[in-house]
Amino acid sequence: MQTNLIQRPTRRELIIESLSNRLWESSPEAITEILQQLPDELVGKIAKATIQVLDAEGSNETQNSQAD
């Protein structure tokens, strides 16, 4: 008997994917409005995580372009 090794996404992953899709389709004004409604501490955490992800992506792009 073969077992299915594909894991279903967690609830958190589903929520993140759904929110990402909705934000991608929305206007910058909607994103601004959402962020303005969040507590300052949470906005700070989002900003920190955003910078880390974007810096990592920029670093990967630099490494990839140097390898070409």
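Residue pairs meeting the salt bridge (Lys or Arg N to Asp or Glu O under 4.0 Å) criterion with at least one member in residues 34-52, sequence neighbours excluded, are Glu41-Lys45. Contacts classified as side-chain hydrogen bond (donor to acceptor under 3.5 Å, both in side chains) and involving residues 24-36 (residues at least two apart or in different chains) are given here: Ser27-Glu29.
Hydrophobic cluster membership for Ile51: none, as no Ile, Leu, Val, Met, Phe, Trp or Tyr side chain comes under 4.5 Å of it. Connectivity analysis of hydrophobic side chains (ILVMFWY, heavy atoms under 4.5 Å, direct or indirect) links Val53 to nothing; its cluster partners are none. Using a 4.5 Å cut-off between side-chain heavy atoms of Ile, Leu, Val, Met, Phe, Trp and Tyr, Leu35 falls into a hydrophobic cluster with Leu23, Ile31, Ile34, Leu38, Leu42, Val43, Ile46.
Listed by chain and residue number, nothing satisfies the side-chain hydrogen bond (donor to acceptor under 3.5 Å, both in side chains) test with Gln37 (two or more places apart in sequence, or in another chain).
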Please tabulate, for the side chains in residues 11-18, all donor-acceptor contacts under 3.5 angstrom to protein atoms that are two or more places apart in sequence or on a different chain.
{"residue": "Glu13", "atom": "OE1", "partner": "Thr10", "partner atom": "N", "Å": "2.8"}
{"residue": "Glu13", "atom": "OE1", "partner": "Thr10", "partner atom": "OG1", "Å": "3.4"}

